[in-house]
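Single-structure report; data block below.
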Amino acid sequence: MGDDEGRPSRLAQLVAERRAKLTALRARGVEPYPVEAGVTDGLSAVAAAFAERLAPGEGSGQDVAVGGRLVARRGHGRLAFLVLREADAELQVMARLDRLGPAGMEQAAELDTGDWVAARGEVVRSRRGELSVDAAEVRLIGKALHPLPDKWRGLRDVETRFRRREVDLAVNPEARRVFAMRDRAVAALRAELRDRGYTEVETPMLQPVPGGAAARPFVTHHNALGIDLYLRIAPELYLKRVVAGGLPRVYELNRSFRNEGLSPRHNPEFTMLESYEAYADYHDVMDLTRALVQRAAREAAGTTTLTHAGREVDLAGHWPRRRLLDLVRQVTGHDDLSYETPPGELATLCRDRGAVVRDGWGAGKLILQLYETLVEPTLWQPTFVVDYPLEVSPLARRHRDDPHVTERFELVVAGRELANAFSELTDPDDQRARFEAQARARAAGDDEAMVVDEDYLRAMEFGMPPMGGLGLGVDRLVMLLADVHSIRDVILFPTLRPEAGDPGDPG
RNA sequence: GGGCCGUUAGCUCAACGGGUAGAGCUCCGGACUUUUAAUCCGGCGGAGCGGGUUCGAGUCCUGCACGGCCUACCA
């Protein structure tokens, strides 16, 4: 495109100019992609070490060797200022003819923004007070063939930001902020679990029977074994087998995969924290969940009082625990609703209130539907919604006082589910009956219903301790903490359709 | 999957009732030894792809591609 009549596009011209420089360098025996950089000092370390030192115009007498991406250049004839950036740190390099000589100055002048550059020299403060390296040597260590986006306004186009995250990270501080926050949040979750004596484990992502959640899986194929395998939709069943094996506290923080539609809140691969603790019940897990989220907030955002979508979210203190049925009774004004209310009556109520209904749904599913439609979006401050209907909770233990519900909770913050947890079902006969009910639903056309997992049932038959389990959506937690509203902003390389055109052409 | 909206130079943005598109950054050439969105002078570069209507389409209609938002399923 734009390439007809032999007239190169602007981009092609820019790339050609940079390629010409690269060719000229090689002709002079200079390698534009050397194996070693000679960088011994980090930009941020140098900036920090001299932050409070040196008066304008003063030299330190100390040499450093730094590296970074050239993000700005200000030439003054016999003097040039080069700005190097490494992550969020920037440092100015002064290239002076006096110091570098004609050949060195020429090399510095040939650099383009975007190039990776190493500079060695004395740390000084410029006359205008900017910390600088008075370069004795400036060296190209990685030539950029493509121009950087606008140095002031960065890269705005959302599609390009996701497709070329390297450019987004290079020029948009906001992108770096979000992923730095993600790192701190994940580290905080691991630290809290470690402090509580949890063991981090890794269980199969390739599973012969996809279990642990209600979702459609991705299917793949193993050539040597000649079998289909599924990318896991949850690690749950394997983790519970590890607890059955005698590790009392385990967790896994890693990817799961669900073959569902994409949205600002759903990516086909997403990161979930799942933890299981022997001798704990769902009340204990609520305490754990609150500790995890509060610690992640403190260590990633620096506070438990967040702003999200322009509204305050206060994660401090204790969080209310509300029974799901009570919330539905309250929002509908029907105080007599129960899991024994005839499904036909509930279906009518659903339709009246704009909730989607399908044939064959029982009271539990219908009440859940009312909750999800009418209540969940309105819960802004952190709330534990407890005691979910039995029929929609095939892996959760029956409630000790109420046969219609399970000891299950979801944590809702900012109108969204952040975690899902329960007192785990440990009775193999009950589990078999639940699987069979799921299998019947599956046979009736529910392709998200679970299948009977005999390996898992046999593991249960060896005996499981009572345990509490947790699933926490890590991407959504980061969205909450970072105050971003698309899951694609917290996943480095979100799933996108391939670009049109030759897929082998690197743009 | 369905609905609505978007796509102008490498990047960030304009303009106009349908009449042949303009700026900043980047880049190239020149000046400049203390700038920091450096400055000054000169220069290169453009309508996602394909049809249609029209004397004439970036602008109107339409098909496709990709994206965004809403919706459906889920975390």
Side-chain angles (χ1 to χ4, degrees), chain A residues 1-2 7-18 20-21 56-57 71-83 90-100 105 112-114 124-132 134 144-164 167 171-172 212-216 233-234 256-274 356 358 372 410-412 416-420 446-448 471-477 479 485-488 494 496-501 507:
Chain A
M1 64 188 209
R7 235 180 343 214
S9 70
R10 176 64 168 155
L11 177 59
Q13 283 177 37
L14 293 170
V15 172
E17 282 159 1
R18 287 167 177 238
K21 290 181 181 176
V71 293
R73 195 175 49 175
R74 297 179 285 275
H76 290 265
R78 298 179 192 84
L79 164 72
F81 296 98
L82 309 174
V83 180
E90 290 188 356
L91 189 63
Q92 173 171 282
V93 172
M94 294 194 312
R96 295 187 295 124
L97 182 64
D98 290 351
R99 191 80 193 277
L100 292 171
M105 202 60 196
D112 290 306
T113 54
V124 302
R125 201 169 281 284
S126 73
R127 284 178 212 161
R128 294 295 181 88
E130 182 77 15
L131 192 70
S132 311
D134 184 14
L145 296 173
H146 289 267
L148 283 182
D150 191 290
K151 68 181 173 188
W152 187 238
R153 312 185 76 155
L155 180 65
R156 296 287 181 78
D157 183 82
V158 288
E159 181 177 353
T160 310
R161 284 182 42 231
F162 299 152
R163 288 194 194 280
R164 307 211 192 131
V167 180
V171 302
N172 290 333
R216 277 147 55 196
I233 54 176
S256 288
F257 307 85
R258 297 187 185 177
N259 207 339
E260 316 267 352
L262 288 74
S263 87
R265 284 162 296 282
H266 300 85
N267 195 63
E269 54 180 311
F270 63 100
T271 299
M272 189 161 53
L273 166 66
E274 285 207 6
V356 175
R358 284 193 202 146
E372 287 181 348
E410 288 191 358
L411 169 63
V412 180
R416 281 205 290 271
E417 175 190 345
L418 208 59
N420 180 19
D446 182 353
D447 59 1
E448 290 182 351
L472 179 83
V474 173
D475 309 287
R476 288 185 177 180
L477 174 63
M479 288 168 68
H485 311 103
S486 171
I487 196 168
R488 291 172 182 162
L496 297 174
R497 271 199 179 80
E499 279 181 284

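Letters A, B, ... mirror the listed sequences (proteins, then strands); counts begin at 1. All values below were derived from every heavy atom in this structure, side-chain atoms included, with hydrogens, water molecules and symmetry-related copies excluded.
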Listing time: all N or O pairs from protein to nucleotides 40-44 of chain B that are below 3.5 Å?
from, atom 1, to, atom 2, distance (Å)
rC44(B), O2', Gln13(A), OE1, 2.9
rC44(B), O2', Gln13(A), NE2, 3.4
rC44(B), O2, Arg10(A), NH1, 2.2
rC44(B), N3, Arg10(A), NH1, 3.3
rC44(B), N3, Arg10(A), NH2, 3.2

With P as the reference atom in both, quote the distance from rU8(B) to rG48(B) in angstrom, rounded to an integer.
6 Å
Atom pair distance, as rounded to whole Å: CG in Leu262(A) and P in rG2(B):
15 Å
Side-chain N or O of Arg74(A) less than 4.0 angstrom from OP1 or OP2 on rA38(B)?
yes
With rounding to whole Å, what would you report as the distance between rU33(B) and rC25(B) at their C1' atoms?
25 Å
Take the protein atom CG of Leu14(A) and the nucleotide atom P of rG46(B), then report the distance between them rounded to whole Å.
12 Å
Any side-chain heavy atom of Pro149(A) sitting closer than 4.5 Å to one from Val167(A)?
yes
Return the value, rounded to whole Å, for the distance between atom CD1 of Ile487(A) and atom C1' of rC69(B).
16 Å
Does a nitrogen or oxygen in the side chain of Arg497(A) sit under 4.0 Å from OP1 or OP2 of rC66(B)?
yes
Please give the distance between the P atoms of rG58(B) and rG51(B) as a whole number of Å.
13 Å
Find the distance Phe257(A):CZ to rC74(B):C1' and express it as a whole number of Å.
16 Å
Where the side chain of Arg258(A) meets the backbone of Ile233(A), is there a donor-acceptor pair that is under 3.5 Å apart?
yes
Distance, rounded to the nearest Å, where Arg258(A) contributes CZ and rC73(B) contributes P:
15 Å
Distance check needed: rA38(B) P versus Glu130(A) CD, whole Å only.
11 Å
Are Arg74(A) and Val83(A) close enough, and set up right, to give a side-chain contact (heavy atoms from CB on, under 4.5 Å), and what steps lead you there?
CA-CA 9 Å; Arg74(A) 297 179 285 275; Val83(A) 180; 3.4 Å; yes
So which atom in Leu148(A) and which in Val171(A) form the shortest heavy-atom distance, rounded to 0.1 Å?
CD2-CG1, 4.3 Å
Proximal nucleotide (of rG10(B), rC74(B), rG67(B)) relative to the Val158(A) side chain
rG67(B)
Do Gln13(A) and Arg18(A) have a side chain donor and acceptor closer than 3.5 Å?
no
Counting the atoms with a prime plus P, OP1 and OP2 as sugar-phosphate, which does Arg99(A) contact under 4.0 Å by heavy atoms, base, sugar-phosphate, or nothing?
nothing
Determine which nucleotide pairs with rA37(B), using a 3.5 Å limit on both distances of a Watson-Crick or G-U wobble pair.
none
Across every strand shown, the nucleotide meeting Watson-Crick or G-U wobble geometry with rA47(B) (both distances under 3.5 Å) is none
Would you please name every residue forming a ring pair (Phe, Tyr, Trp, His ring centres under 6.0 Å) with Phe81(A), sequence neighbours left out?
His76(A)
Is the phosphate of rG10(B), meaning OP1 or OP2, less than 4.0 Å from a side-chain N or O of Lys151(A)?
no
Determine yes or no for a side-chain-to-main-chain donor-acceptor pair under 3.5 angstrom, with Glu260(A) supplying the side chain and Arg216(A) the backbone.
yes
Which pairs, protein N/O on one side and nucleotides 29-34 of chain B N/O on the other, fall under 3.5 Å?
from, atom 1, to, atom 2, distance (Å)
rC32(B), N3, Gly77(A), N, 3.2
rC32(B), N4, Gly77(A), N, 3.3
rU33(B), OP1, Arg78(A), NH1, 2.3
rU33(B), OP2, His76(A), O, 3.3
rU33(B), OP2, Arg78(A), N, 3.3
rU33(B), OP2, Arg78(A), NH1, 2.9
rU33(B), N3, Asp98(A), OD2, 3.2
rU33(B), O4, Asp98(A), OD1, 2.0
rU33(B), O4, Asp98(A), OD2, 2.8
rU34(B), O2, Arg127(A), N, 2.9

Of the listed nucleotides (rC74(B), rU26(B), rC28(B)), which one gets closest to any side-chain atom of Pro147(A)?
rU26(B)
Gap separating the CG atom of Leu155(A) from the OG1 atom of Thr160(A), nearest 0.5 angstrom:
5.5 Å
How is Leu496(A) classified with respect to the nucleic acid when contacts are heavy atoms under 4.0 Å: base, sugar-phosphate, or nothing?
sugar-phosphate
Mind checking whether Leu82(A) and Gln92(A) have side chains closer than 4.5 Å, heavy atoms only?
no
Nucleotide paired to rU20(B) in any strand shown, Watson-Crick or G-U, under 3.5 Å
none
rA15(B) - base-pair partner by Watson-Crick or wobble geometry, distances under 3.5 Å
none
Relative to the 5' end of RNA chain B, which residue comes earlier, Glu417(A) or Ser263(A), by the nucleotide with the nearest heavy atom?
Ser263(A)
Using the C1' atoms only, state how far rA9(B) lies from rC44(B), rounded to an integer number of Å.
11 Å
Please check the phosphate of rG67(B) (OP1 and OP2 only) for any side-chain N or O of Arg163(A) closer than 4.0 Å.
yes
Can you tell me, in whole Å, how much space there is between the P of rC41(B) and that of rC4(B)?
50 Å
So Pro264(A), base contact, sugar-phosphate only, or nothing? Heavy-atom distance under 4.0 Å.
sugar-phosphate
Is it the case that rG67(B) (base atoms only) and Asp157(A) (side chain only) share a donor and an acceptor within less than 3.5 Å, ignoring hydrogens and angles?
no
Please measure how far the C1' atom in rA38(B) lies from the corresponding atom in rG46(B), and state the result in whole Å.
28 Å
Leu155(A) CG to rG67(B) P, straight-line distance once rounded to whole Å
16 Å
Using modelled atom types only, decide if a donor and an acceptor are shared between the side chain of Ser486(A) and the backbone of Arg488(A) within a distance under 3.5 Å.
yes
Taking a pair as Watson-Crick or G-U wobble with both distances under 3.5 Å, which nucleotide is matched to rG1(B)?
rU71(B)
Using the C1' atoms only, state how far rG24(B) lies from rA14(B), rounded to an integer number of Å.
11 Å
Side chains of Leu411(A) and Glu417(A) in contact at under 4.5 Å (non-hydrogen atoms):
no
Quick one: Leu11(A) CG to rA9(B) P, roughly how many Å, whole number?
11 Å
For a quick check of understanding: with a heavy-atom distance under 4.0 Å over all strands, which category does Asn259(A) fall into, base, sugar-phosphate or nothing?
nothing
Watson-Crick or G-U wobble mate for rU7(B), both contacts under 3.5 Å:
rA65(B)
Looking only at atom types and distance, does a side-chain atom of Arg99(A) sit under 3.5 Å from a main-chain N or O of Asp134(A), one as donor and one as acceptor?
yes
At under 4.0 Å between heavy atoms, what does Asp112(A) touch on the DNA or RNA strands: base, sugar-phosphate, or nothing?
sugar-phosphate
Rounded distance in Å between the C1' positions of rG22(B) and rA65(B)
29 Å
Any donor-acceptor N/O pair, Asn267(A) side chain to Ile487(A) backbone, under 3.5 Å:
no
When the nearest nucleotide of RNA chain B is assigned to Arg18(A) and to Arg156(A) on a heavy-atom basis, which residue is associated with the more 5' position?
Arg156(A)
